[in-house]
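To start, the structure under review is shown below, and the notes come after it.
None of these values were measured; they are calculated from a predicted model. Reminder, nothing fancy here: chain letters follow the sequence lines and each chain counts from 1.
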Protein chains: 2
Amino acid sequence: MVTATRMTAEDRRADVLRAAVREFAKAGYYGTSTEDVARAAGISQPYLFRLFPTKKTLFIELVQHGFGRVRAAFVTAVGDLSGEDAMHAMGEAYGDLLRDRDQLMLQMHFYAACEDAEIAEVVRREFGRLWREVVRLSGADDDGMQHFFAIGMLMNVIASMDATSHSSEWVKACVPPAWLTLGEA
Amino acid sequence: MVTATRMTAEDRRADVLRAAVREFAKAGYYGTSTEDVARAAGISQPYLFRLFPTKKTLFIELVQHGFGRVRAAFVTAVGDLSGEDAMHAMGEAYGDLLRDRDQLMLQMHFYAACEDAEIAEVVRREFGRLWREVVRLSGADDDGMQHFFAIGMLMNVIASMDATSHSSEWVKACVPPAWLTLGEA
DNA sequence: ATGCTGTGTGAGTAATCACTTACTTATGCG
DNA sequence: CGCATAAGTAAGTGATTACTCACACAGCAT
């Protein structure tokens, strides 16, 4: 097969990570094959293994990439706001993030893959970085922080089971107020 | 191979479900093989397929089994309490449940497997049943319910990454003091 | 004892897995 | 041009996957 244009390995790695987001979002670490990712990235599977030495290193880079996107979204959303206003802006931004189902399911697969010690270590580190970034941006106290993240994790679960598209009574009780008051401790 | 004692298919199915809890907890729907489950249950893999026609039906029964255990734990914990007292008792009971790492990781794998529509439907239904049971037992309003489940989901995530065993500053800020012994059970 | 029903298995299937070896070819630089 | 280097692949490796087919045998009723 003839390749139209060659790219630098660095650019190709970025392409692969973008494709990996889409592919791993579907079925997680164990349910996604390196062949799937290679095909989605438009490269051969052997070349995937040159860019990322093992499937696990690829997945771990994906964890860092995914949490990095959340941090970046929070920084952008907050701008020069602070306190309650910053918290509220981050809440809105997280709602937007969850509308990208790939990003959402990927997060769930990160936590689910934590039975693997190496992956768990990276997830812990990245979660801690995110936590500290939210503290820095909002200045919230422990209770406010706990509430912010707790609501976030509940929204993760609701979104993962696509409950808002199959609206029953309990979903109405649980979600709409949440989405609006997401940042209020 | 000679079988020491034969069981009724019904009893054997219960055995298999118990083994499936342990096995699927490790690596979820895609990461666990039917061979793993059969070996853990002490039966041959062909017989597993007689008891459960496909891997997915086994997993779906596991979802119902898992949520059923949480509901049962809540009913037991509440006894004849009600209101705030009932809510508090259920919170304690959920903490005990999370000390069983298999139960915890299984829950995370349920949500992660929701990209599959058939599984998602069962998870939604079971989550709804649990929600209504907590309403029934506590009589809490929407805000109270949301807070209860939000904290629960945050504790799930914290426990899945085993954060309490790798205590850093943010974990202490996030988790109620009583939960800090979670990793030592 | 015979035969029937239900519990259980040995030995397969084709497909797919993560990963490798050995190879080709595009591109920038002298 | 000539050639080193880096981008890229075809064709495998042995192991494992979900699932099946044909068969064995335990226990019970007659």
Pairwise 5' ranking along DNA chain C for B:L48 and A:P46, keeping only the more 5' one: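 Residue closer to the 5' terminus by nearest nucleotide: B:L48.
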Toward the 5' end of DNA chain C, by each residue's nearest nucleotide, A:R50 or A:T34: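 Comparing both residues, the 5'-ward one is A:T34.
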Between [N] atom [atom2] and [X] atom [atom1], what is the distance in whole Å?
X     : N      : atom1 : atom2 : value
B:D11 : C:dT7  : CG    : C1'   : 12 Å
B:Y47 : C:dG6  : OH    : C1'   : 8 Å
A:L51 : C:dC19 : CG    : C1'   : 14 Å
A:D36 : C:dC17 : CG    : P     : 6 Å
B:E23 : D:dT17 : CD    : P     : 12 Å
A:F49 : C:dC23 : CZ    : P     : 21 Å
B:E35 : D:dA15 : CD    : P     : 15 Å
A:K55 : C:dT20 : NZ    : P     : 14 Å

Heavy-atom pair of closest approach, residues A:L106 and A:L62: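 For A:L106 and A:L62, the tightest heavy-atom pair comes out as CD1-CD2, 3.9 Å.
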Base-paired stems that DNA chain C participates in, counting runs of 3 or more Watson-Crick or G-U pairs under 3.5 Å: C:1-30 with D:1-30
salt_bridge(B:R136, B:E133) N-O dist < 4.0 Å: yes
Test: B:R22 and B:D36 ion pair at under 4.0 Å: no
Any side-chain donor near an acceptor of the partner, B:Y30 and B:D116, under 3.5 Å: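 No - no donor-acceptor pair under 3.5 Å links their side chains.
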No-hydrogen, no-angle side-chain donor-acceptor test under 3.5 Å, B:Q45 and B:T34: yes
Aromatic centroids of B:F127 and B:F110 separated by under 6.0 Å: no
Sugar-phosphate only, base, or nothing, as touched by B:S44 at under 4.0 Å among non-hydrogen atoms: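 Result for B:S44 = base.
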Counterpart residues, ring-ring contact (aromatic ring centres under 6.0 Å, His included), relative to B:Y29 (two or more places apart): B:F59
Pairwise 5' ranking along DNA chain D for B:Y29 and A:T8, keeping only the more 5' one: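 Its nucleotide being nearer the 5' end, the pick is A:T8.
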A:R12 vs D:dA7: side-chain N/O to OP1/OP2 distance below 4.0 Å: no
C:dC17 phosphate, OP1 or OP2, under 4.0 Å from A:S33 side-chain N/O: yes
B:M7 side-chain proximity, nearest of C:dG8, C:dA18, D:dT9: C:dG8
Distance-only donor-acceptor test (3.5 Å): side chain A:R6, base C:dT25: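 Flag set: donor-acceptor pair detected.
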